[in-house]
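In the text below, chain A, chain B and the rest are named by the order of the sequence lines, each starting its count at 1.
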Number of protein chains: 2
Amino acid sequence: MTTVSWVEVDEDAGFGIENLPYGVFARPGELPRVGVAIGDRVLDLAAMSAAGLVEDRHYFASGSLNAFMVAGRPAWQANRERVTELLTDASYRAQVEPHLIPVADAELLRPFEVADYVDFYSSEHHATNAGRMFRPQGDPLTPNWKRLPVGYHGRAGTVYPSGTPIIRPSGQRRAPGDQEPSYGPSLRLDFEVEVGFVAGVPSSAGRGVPTSAFRDHVFGFVLVNDWSARDLQAWESQPLGPFLGKSFATSISSWVVPVAALEPARVSPPVQDPAPLPYLRCDDPWGLDLHLEVLINGQVAARPPFASMYWTSPQQLAHATVNGAPLRTGDLFASGTVSGPDREQRGCMLELSWNGQEPLSLPDGTKRTYLEDGDTVTLRAQAPGASGSRITLGEVTGTIHPAQP
Amino acid sequence: MTTVSWVEVDEDAGFGIENLPYGVFARPGELPRVGVAIGDRVLDLAAMSAAGLVEDRHYFASGSLNAFMVAGRPAWQANRERVTELLTDASYRAQVEPHLIPVADAELLRPFEVADYVDFYSSEHHATNAGRMFRPQGDPLTPNWKRLPVGYHGRAGTVYPSGTPIIRPSGQRRAPGDQEPSYGPSLRLDFEVEVGFVAGVPSSAGRGVPTSAFRDHVFGFVLVNDWSARDLQAWESQPLGPFLGKSFATSISSWVVPVAALEPARVSPPVQDPAPLPYLRCDDPWGLDLHLEVLINGQVAARPPFASMYWTSPQQLAHATVNGAPLRTGDLFASGTVSGPDREQRGCMLELSWNGQEPLSLPDGTKRTYLEDGDTVTLRAQAPGASGSRITLGEVTGTIHPAQP
């Protein structure tokens, strides 16, 4: 069945009726509220609810998606079905059209309040490349890597909405060959192309979330740029992992794509050998055929394939909770850098320039080892949607500003 | 000048007029609100404010200290002076006494909402012992250790109030000599004796908090038990640090001791050699002469001296923000395990039993390598207060419950 919206939609842009991602927006002088993207419009769900057109238990007249996210899968499904009905049945057009606002007139805000932020390391190609650079003597993958999705906690307070300026961080780093560390602005500032999912429904302390319960807890997916200062990170990370090399900023996209919209993008992930322990087994295929793209100053720098990720999202969630740590609404889980097997599929400058040794040439001839002040990095993603459509995860963008004195 | 309260106080208990820590409490059927401890009573600040006895801009009729913590140092000082006046000037007794509630009648709740949680690793004795056990080949301290306070982000959503049952976590671990990991309840469950400080006043993105501004941002100190599953931790931690081995639970004490109450406890920290980089220099002595004590089932297991910590709290705060990561109200920073040079001063079972090889004998003759189901761990701390008094950080306690199936 093909469903067509009465809203005019540029199919190539990926904001068709098959997507319907959620975000938080505000117009000048108005309070932030929840909306759904359709074409180049935002459907104002707070106004729709005030007009009695969608059910709302105070979910939508809110500056974050958290109240709606905690409502759970039946509420998410019901609202998605209702919005689809309203935007496809032309008899609703006269009632609904006044609540469609041009995206150009709205400011898109951070879509949800982040509770905890976990970052994984689930691309075999990325982990192998990073291991080769940082531990050239040994096996590039640590012994645990194919046994569990390696991850760590990042800083929730520095998860910023798309468009937030990224101030070059300062800190301690030790130049190659030096004995003494020095202090100053990072000289190896990097992006990381990642995909994240956000929890809506909490779980109980002491009980893990099995892979089969993924859809009952997870509201949707966002694009994540996990900005990284490689020189700070390399110096600080032993023995307790990354800290200031990551904690200055993480950017997320404005639109949260519902899990339901990505069902047609599900594919089999790479074969997992050795077989994971039972708590990590997942009967359903949960690879996602997301085609990612990173642009530096508008020039395509890489096209990482998310379908190549070794560990899937339900496995990441099952692992993160298997020790009894409960989920909270707003918990964000990012995939780790997405890198494919080919050079042009690598998801960060560390790999694209092989830690600065092989500058990357952009299509316009400019070269980069790491990011320079003034550079703008934009991540985009497209995926198969229902009815043969293409849907988008929108974009996440940020411009590097000089370090503050 | 000696100040004496008209409230009867057991001086040995450490809740005298020189302390006046803040907490959140509730009586059955009543809403949680903010109080101050004096003797074995809680002064109900919400009721005091309703009676016009203390100034309140809606700080106190709240289920957390966050609103008061964000108000800043002038408000903290003013309230501390006013409460001291009311509790020492007997002419207020008739007005104030109705708002003193026996602690025994109140439930003490988590005192603040945790924003981000950072855990440091700032005891040289602890880091050296851990390094000897986990990296027996090399230098026990990594090259960065005396250059910066090593730290990482923990899970804010599992910071629990004192008394919360601790469910033994399950997860992956690999037994010594095994090739294959297995899944099951942790066999090496541990406590960590730590001291934490909590930020009240936020800082700006892109600007670090200098060591000299510590008092302008930090509201107070708590005791922290950073529960750890050593077998999960050892298997998962390379290359990105601890994750599930820590994220199941962290317990904090019920009372937050104001920075002002701990001024008399300040001492010179150990000499730092090499001299820290300028952003980590601290002209004022910020070691703290806290005498910590850990009890297992009421038996004293260790007495770690906090004054032996290599890195001080203002240095930790300056480091954590030097990359421009802003502070939020409720950010919790824990010291890392506190261990002194002597065996009976070690702050966790990993060290006390040398990773299970040398069982610890408790005074009653029972032995422990790691924690067993049913064990209750209690941390306590005392410090010099004003006027020759002793003040307490109260206690943080938790009992191990069996893993859930």
Side-chain angles (χ1 to χ4, degrees), chain A residues 115-118 121 130-131 134-135 142-144 147-148 150-158 167 169-172 174 180-183 186 205-208 229 232 235-245 247-249 277-279 319-320 322-328 331 401 403-404, chain B residues 115-118 121 130-131 134-135 142-144 147-148 150-158 167 169-172 174 181-183 186 205-208 229 232 235-245 247-249 274 277-279 319-320 322-328 331 401 403-404:
Chain A
D116 271 298
Y117 167 45
V118 167
Y121 188 59
F134 289 134
R135 296 178 303 279
T142 49
N144 54 15
R147 303 298 190 153
L148 53 80
V150 168
Y152 66 101
H153 281 88
R155 190 164 182 81
T158 49
I167 302 167
S170 293
Q172 270 194 50
R174 192 170 66 167
E180 303 279 315
S182 61
Y183 169 85
S186 171
R207 305 242 175 228
L232 277 58
W235 170 234
E236 75 184 353
S237 285
Q238 285 302 321
L240 298 183
F243 184 31
L244 299 185
S247 66
F248 58 98
L277 283 165
Y279 81 92
H319 184 65
V322 74
N323 67 347
L327 282 181
R328 291 188 295 169
D331 279 346
H401 288 231
Q404 296 201 5
Chain B
D116 270 298
Y117 166 46
V118 167
Y121 187 60
F134 289 134
R135 295 179 302 280
T142 49
N144 54 17
R147 303 298 189 153
L148 53 81
V150 168
Y152 67 100
H153 281 87
R155 188 162 184 83
T158 49
I167 302 168
S170 294
Q172 270 193 50
R174 193 170 66 167
S182 60
Y183 169 85
S186 171
R207 307 240 173 231
L232 277 57
W235 171 234
E236 74 182 355
S237 285
Q238 285 302 321
L240 298 182
F243 183 31
L244 299 185
S247 66
F248 59 98
L277 284 165
Y279 81 91
H319 184 65
V322 75
N323 68 345
L327 281 182
R328 291 188 295 169
D331 279 346
H401 288 232
Q404 296 202 4

Under a 4.5 Å cutoff for heavy-atom pairs, which residue among [options] has the most contacts with chain A?
options                : value
B/Y152, B/W235, B/F248 : B/W235
B/H401, B/R174, B/Q404 : B/Q404
B/G171, B/P242, B/G245 : B/P242
B/L240, B/T142, B/I167 : B/L240
B/R155, B/R207, B/R328 : B/R155

For this session: Can you sort out the partners of B/F134 under ring pair (Phe, Tyr, Trp, His ring centres under 6.0 Å), two or more places apart, ordered by chain and number?
Result: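 Checked B/F134 against ring pair (Phe, Tyr, Trp, His ring centres under 6.0 Å); zero matches.
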Exercise. Atom CD of B/E236 and atom CG of A/L148: how far apart are they, to the nearest 0.5 Å?
Worked result: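 Those atoms lie 7.5 Å apart.
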For this session: Just give me the residue among A/G208, A/G241, A/A249 that pairs up with chain B most often, heavy atom to heavy atom, under 4.5 Å.
Result: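 Ranked by contacts with chain B, first place is A/G241.
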For this session: Give the member of A/G324, A/S186, A/A403, A/G154 that has the highest number of heavy-atom pairs under 4.5 Å with chain B.
Result: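 Winner by heavy-atom pair count: A/G154.
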Part of [X] lying under 4.5 Å from any heavy atom of chain B:
X      : value
A/S182 : backbone
A/L277 : side chain
A/H319 : both
A/A205 : both
A/A320 : both
A/P278 : neither
A/Y279 : side chain
A/S237 : backbone

Problem set entry | side-chain hydrogen bond (donor to acceptor under 3.5 Å, both in side chains) involving A/Y121 - partner list, sequence neighbours excluded |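 For A/Y121 there are no side-chain hydrogen bond (donor to acceptor under 3.5 Å, both in side chains) partners, ignoring immediate neighbours.
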Exercise. Just by modelled atom types, is the B/Q238 backbone N or O under 3.5 Å from a matching donor or acceptor in the A/N144 side chain?
Worked result: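 A pair under 3.5 Å: yes.
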Of all the heavy-atom pairs spanning [X] and [Y], show the shortest one and how long it is.
X      : Y      : value
A/P326 : B/T158 : CD-CG2, 3.5 Å
A/A325 : B/S247 : CB-O, 3.6 Å
A/P169 : B/N323 : CB-O, 3.5 Å

Exercise. Side chains of B/R135 and A/P239: does their closest heavy-atom pair fall under 4.5 Å?
Worked result: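 In contact.
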Exercise. Mind checking whether B/Y117 and A/D116 have side chains closer than 4.5 Å, heavy atoms only?
Worked result: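 No, every pair of side-chain atoms sits at 4.5 Å or beyond.
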